[in-house]
Amino acid sequence: MLKVLDTAELGTWVEAIIKAHDVIGIQARADKFDFGPLAKVQDLRLDYDVSLNAPKRFFLLPDEKLFTFKKDEAKSAQAAEPFVLFGVHPYDLIALRQLDKLFEMDNPDVHYLSRRAKAIVVAVDVQKPSAHVFAGCLGFEHVEDSYDILLTKIGNEYLADAATAAGEKLIALGKGFTKADDTHLAARKKIWDENKQALRRHELKPNKAQITAQLEKSYDHKIWKEKARLCFSCGSCNLVCPTCYCFDVADRLNWDLASGERVRTWDGCMLEDFATVAGPHNFRNQREARYRHRYYRKGKYVPDKIGEFSCVGCGRCIGACVTHIANPVEVYNAIMEA
Amino acid sequence: MDRPRVAIFDFACCEGCQLQLYNLEEGLLDVLGLIEPVEWREAISDQSDSYDIAVIEGSITRKEDEERLKDIRKRAKVMIALGACATIGGVNKLKNQFDFGEVRRTVYGKDAEAPHLDTARVKAVHEVVPVEVKIHGCPIDHFEFGTILKSVLAGKTPSIPNYPVCVECKKKGNICRYEYNEVCLGPITRAGCGAKCPTGGFWCFGCRGLLDNPNVDAAKEVMDIYGKTVDDLSGRLLLFNNQS
Amino acid sequence: MPNIDVSVHHVTRVEGHGTIRVRASDGKIERVEWRVPEAPRFFEAMVRGRSYEDIQTIVSRICGICSVTHSLAAIKAVEDAIGVTVSKQTDALRIVLHYAEQIESHVLHVGYLVAPDLLGQKSVVPLVASHPDVVKTVIALHKLGNAGMELIGGRMTHPVTVKPGGFAKLPTEAQLKAYKKDLENGMKLVGILADVVVSLADKLPDFNRDTEYVALKTDGTYTFYHGDIASTDVKETTDVHKFESVANEYVSAQSTAKWCKWHRDSYAVGALARYNINADLLLPEAKAVAAKFGLQKGACNPYLNSVAQVVEIAQVIAHSIRLIDGVLTDGVTPETPKAAPREGEGVGSVEAPRGILFHRYAFDGKGMCTSANICIPTGQNHGNIQKDFESLVPKIIDKPQDEIRLLMEMLVRAYDPCISCSTHYLDVEFV
Amino acid sequence: MGKIALKDIYLPETATAVAIRQLTPTEKCFEFKLDSGKSLGHMPGQFAEISLFGIGEAPISISSPPHGEPTFEMGIRQVGSLTGALHRLSVGDKIGVRGPYGTTFPVTTAMKGKDILFVCAGIGMIPLRSAIKYVLSHRKEYGKIHILSGTRTPAFRLFSDELEQWGKVDGVRLLETVDQPDDGWKGNVGVITTLFSKISFDPKNTVALIVGPPVMYKFALLELRKLEMSYANVYVSLERKMKCGVGKCGHCQINGLYACQDGPVFRYSDIAETREAI
Ligand SMILES: Cc1cc2nc3c(=O)[nH]c(=O)nc-3n(C[C@H](O)[C@H](O)[C@H](O)COP(=O)(O)OP(=O)(O)OC[C@H]3O[C@@H](n4cnc5c(N)ncnc54)[C@H](O)[C@@H]3O)c2cc1C
Ligand code: SF4
Ligand code: SF4
Ligand code: SF4
């Protein structure tokens, strides 16, 4: 369902949504933007460049209870509350689409999936490119599925594309929506084309398939060692990445030492002990081996698994790396030069 | 299991770590249900000579304290170092970069030569006697204290992170201090605090000590990027991680 | 008359180490001594060469229980030295933070350290079973103080948000509102705590000694944070920059620990001192609590310090609520602390829970510290504890040894000594 | 997103310890029985995630052969928290179980009709025991059988009582060695690869299963290559850190492979080029 809303009417619509739902919306935070509980419509900033934190944290929580136990009895903890996630950029939605596949395949993960099932996602096309975004190079500047609603700002109007029943219900909360026509679709296409050029703050030379193919031959490339020399093994690049999803699992005891909970927490393959087992024996002992692994995961391992390139070009890792070595564009450009 | 007999001793420190035990609030009562405190000067009047677990707060700064510590070690089956002063020497180690005579004169003037003012190189507990468990931080985090204590009592190895503070900082979703060109020690400091300081808008000053394998060279090399010098880094590292 | 030999090596339930020694034979008192064998930590020497940005981080570690106080004194001194002023909002929130520590420290002292004495127990542990409601109230109030410190200071102990020029991070309006609610609830709990202490007040020894009391004083407020130095002995106040002329640190003939004296041989600082100087300025909520005890301005029974602390808990809660209202009326304004190094020297003085505190630092042009002087409340009280002992012991020398010991320990505890503050204590061996 | 999976893949079912025996100073054998009364339904080579609530969870190979009963056996080495706590269990105590997970030794496929070479180094005996017992109980479906076993010292021989029985089965040759002998030891001394020269087998018609500590593989594989054995007929079982066992947590990755799903049993020719494998 395609509708159009005057930007002046956006406020009343969002107000109605806030009244009816818990809303996590994009808003300003210090001199940046981030998702958070949206208290009032004035805080919503659809003109943002990039959110400090990727939306994955609302589905794969940084710290999440899997089940509670009492002596020998365990009870699954699946208390997901429905909410509206308002203002997701296309590249981040593509990242969520990838996580959906990964958590669904083989052994479906009920914790992640139930949160996803209960969330209504309102995506928005990028209005202002961030400092490091390169999603345009990857074709991830726009998205054509996986949203409940996609909003695109066209002049003084928002084109609202509701792709699901939940999306349509949300639109029904608003007043002043009018029917869209082909000119709107053409305008949106134009914005997508423009964004393909605009979201290229770094220029990735090879295309996705070329990277995946080239990685086949790049295991001993000098770039891994060169870059990893300055790696803190701090995992910041993992944790800010919208498609990184590794986790650790541990038990927490209550004071009775018999009951407690099993939790999973974010983990990252860049951390020194990520592959350490009893012994102790570390299967990825070298910084460069861990560093390489991350770029292989994004460019080859996950693509081999789900058929999608697993860096979406959000550029968060570039900004998050204190030592400025985590730019996928630099890495993938370098391996092309043998 | 019988409740283990626990004794808590303090050496040179601010006693802020013991204070965190009070900050367990109701949890303190749970702790007292699981252990039998036999000596804890700050909270109870009893004193004792036999115990299973000795908890040591503070740095060792005098010869006589070294002897006292060795004596405690002999009586304890398990020794826990509580807080930065005990685990890494903490802020007390700032003293180690000065001439001790000069330090005494600075603070005590003409009385500096009095024998009881003798002061020695500051040591962490493990530099004097073997330590089984280190509870890091200045002060310790009361949740982590609880987790470690419960682990010890349940017979599991306490998991103490060997990853940097950045991990917890990112989980919290903070804006990195380097975005504001501040020298944050997070990338080389052991996590476990929940990144309290960066979450409070302040840089990490390293109170939990360095990682097992910190990339200090990288930390030095990146100072340039942020318009800082290696001296700025070293100065901050000195606060809690004076290696002398 | 019996021979008496009381030796309490390391008084318990105080912060830090202190030792009491009394010897008498045939009723003749040969020796009464209060001494501190705490290992000296040399903070004033250690901060030299460190950046003005790192001073607070270091000196906060002087004392875990008054880390906010030390932090604020240091920040004020640094700001004084480098010439930085702060906004009204920063000032108000710093005071709210400071008050949170007063709540936490006073409750800890009265609830965990003194209450067992009054209820005839060795620690708070048995009270859990015998007086569960008292323990619940104490824990709830203790949490309140901690919540305030965590909210505004970023941590419960050793705050991280206080920087020269302002706050590294501000609480949100919603958080302040929630904290205000907690404070209002806390006010009710103070009433309960006060009633308990009133009911036990007769357990406090009746011992009076005319004493000089010293505290900060400013117009219009029962102050912990601003003001000049006042004494019960004189009318005019003294600028904090001249604190050395007040403290007059000296080496006593009897002990080599540095003691302080001003107009007399010794003076006292702390809750009772503040009360004796500023009681007229208490807010009505606190005056009501003081009335429950009949606490008079001019009281000179050191054991009443704990009572004054209960009154002060009410005072700081009441004032916190007013300050938060003020901040909320204007709305929390985002501001980034601005401070740059400059050569200079500065002093900061605030009231620690256990009395007036002074910090002085000098910096070079790069903002590196060149010298420091720190004068802590417990140091200022040591001489007075000794004088109290000298007056108390002859009055109780006929009592059983255990009782003498308890009364002396209780006296030390009444001063809430935070001996770990030992920036410069001497360890004296007597024989 | 519409459908929600109902089963929680992280939630263990419970089992009860029904028998516990000490195998060596550091290893114990546990027999567990699923409280559901159902059979675990595993095949040789698979593992299960074993939990003690409050302590944690770890992948442990299933050491007994498949059968229809609700019981199964595990040999567990005490190395840390969970394994330490498991060693403190008594009969009647409960554990949590998830599984079985992972790939299996090809007992019903590639191994059928072939001569079999079992190379069991140290704790590698534990997963291989399941396959050995399976093969011995389906003796007619396989050719000649060699069982090579190596341990650090005689005290660390796992399932030594059963070893003797296996050696007596028709067409089975059992060879043992220890790195360091003790006074009573009369057998071979040396690392496990020294046993290769003591046996003769037809490399064209043999399937080899090798399991042991990481360092062992390189040498054993080199020896087999010298004996002109094709890596397509060699199967290994690889250990990695695992936190979920179901292909999510990322810890067990061997380059692009997941040890928990693509393994732990790998046909070596499939991973010979996988750099992180051996
Ligand atoms: C597929 C598979 C099958 C297995 N089968 C078996 C089996 O049949 N029998 C068996 O006994 N084992 C088996 N294992 C191994 C078993 O899973 C481990 O021994 C077990 O996970 C150890 O858990 P734990 O809690 O006892 O040890 P932990 O307490 O987790 O750690 C044990 C030791 O490892 C070291 N260590 C742990 N973490 C770190 C770290 N971060 N940094 C440095 N050192 C560290 C410590 O020194 C510690 O002493 C198998 C593993 C896999 C993957
Ligand atoms: S690898 Fe970097 S740029 Fe790519 S999706 Fe992850 S964080 Fe974004
Ligand atoms: S963010 Fe940078 S320093 Fe940290 S792990 Fe990633 S590449 Fe290494
Ligand atoms: S603020 Fe410090 S701890 Fe946090 S991510 Fe940045 S460098 Fe790491």
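By convention in this document, chain letters (A, B, ...) are assigned in the order of the sequence lines, proteins followed by strands, and residues within each chain are numbered from 1. Values in this document were obtained by computation on a predicted structure and should not be read as measured data.
Heavy-atom distances place no part of D:Leu257 under 4.5 Å from chain A, backbone and side chain included. Interface remark: A:Ala74 contributes backbone and side-chain atoms alike to the contact with chain D (heavy atom separation under 4.5 Å). Residue contact with chain D, scored on non-hydrogen atoms closer than 4.5 Å, is absent for A:Asn282. Proximity to chain D (any heavy atom under 4.5 Å) is shown, for A:Phe247, by both the backbone and the side chain. Looking at A:Leu102, only its backbone comes within 4.5 Å of chain D, counting heavy atoms on both sides. Neither the backbone nor the side chain of D:Ile95 comes within contact range of chain A; no heavy atoms are under 4.5 Å apart. For a residue to count as touching a neighbouring chain, one of its non-hydrogen atoms must lie under 4.5 Å from one of that chain's; by this rule D:Asn255 touches chain A with backbone and side chain alike. At a 4.5 Å heavy-atom cutoff, A:Glu261 makes no contact with chain D through either its backbone or its side chain. Interface residue A:Arg284: only side-chain heavy atoms are found under 4.5 Å from chain D. Contacts of D:Cys244 with chain A are made by side-chain atoms alone, with heavy-atom separations under 4.5 Å and no backbone atom involved. Interface remark: D:Val246 contributes backbone and side-chain atoms alike to the contact with chain A (heavy atom separation under 4.5 Å).
Cation-pi geometry between A:Arg115 and A:Phe58 is not met: the NZ or CZ atom fails to fall both under 6.0 Å from the ring centre and inside 45° of the normal. At least one cation-pi condition fails for A:Arg287 and A:Tyr291: the charged atom is not both under 6.0 angstrom from the six-membered ring centre and inside a 45 degree cone around its axis. Figure legend: A:Arg262 and A:Phe67 shown without cation-pi pairing, the cationic atom not lying both under 6.0 angstrom from the six-membered ring centre and within 45 degrees of its axis.
Ranked by non-hydrogen atom pairs under 4.5 Å with chain D, the options A:Lys305, A:Arg264, A:Arg252 are led by A:Lys305. Ranking D:Glu13, D:Arg240, D:Gln261 against chain A, the residue ahead of the rest is D:Arg240, based on heavy-atom pairs under 4.5 Å. No other option in D:Gly54, D:Pro213, D:Pro12, D:Gly250 has as many heavy-atom pairs under 4.5 Å with chain A as D:Gly54. Each of A:Asn254, A:Asp304, A:Asp267, A:Val302 has some count of heavy-atom pairs under 4.5 Å with chain D, and the biggest count is that of A:Asp267. Ranked by heavy-atom pairs under 4.5 Å with chain D, the list A:Tyr219, A:Phe103, A:Tyr245 is led by A:Tyr219.
For the pair D:Tyr268 (side chain) and D:Val236 (backbone), a donor-acceptor distance under 3.5 Å is absent. Remark: the backbone N or O of D:Val265 is paired with a side-chain donor or acceptor of D:Thr103 at under 3.5 angstrom. In this structure, the side chain of D:His42 does not engage the main chain of D:Thr104 through any donor-acceptor pair within 3.5 Å. Between the side chain of A:Trp266 and the backbone N or O of A:Cys244 there is no donor-acceptor pair closer than 3.5 Å.
For the 3.5 Å distance criterion, the side chains of D:Glu57 and D:Ser51 qualify, holding a donor opposite an acceptor. Side-chain contact, D:Asp8 with A:His111: a donor N or O sits under 3.5 Å from an acceptor N or O.
Classification of A:Glu308 and A:Arg97 as a salt-bridged pair holds, one side-chain N sitting under 4.0 Å from a carboxylate O.
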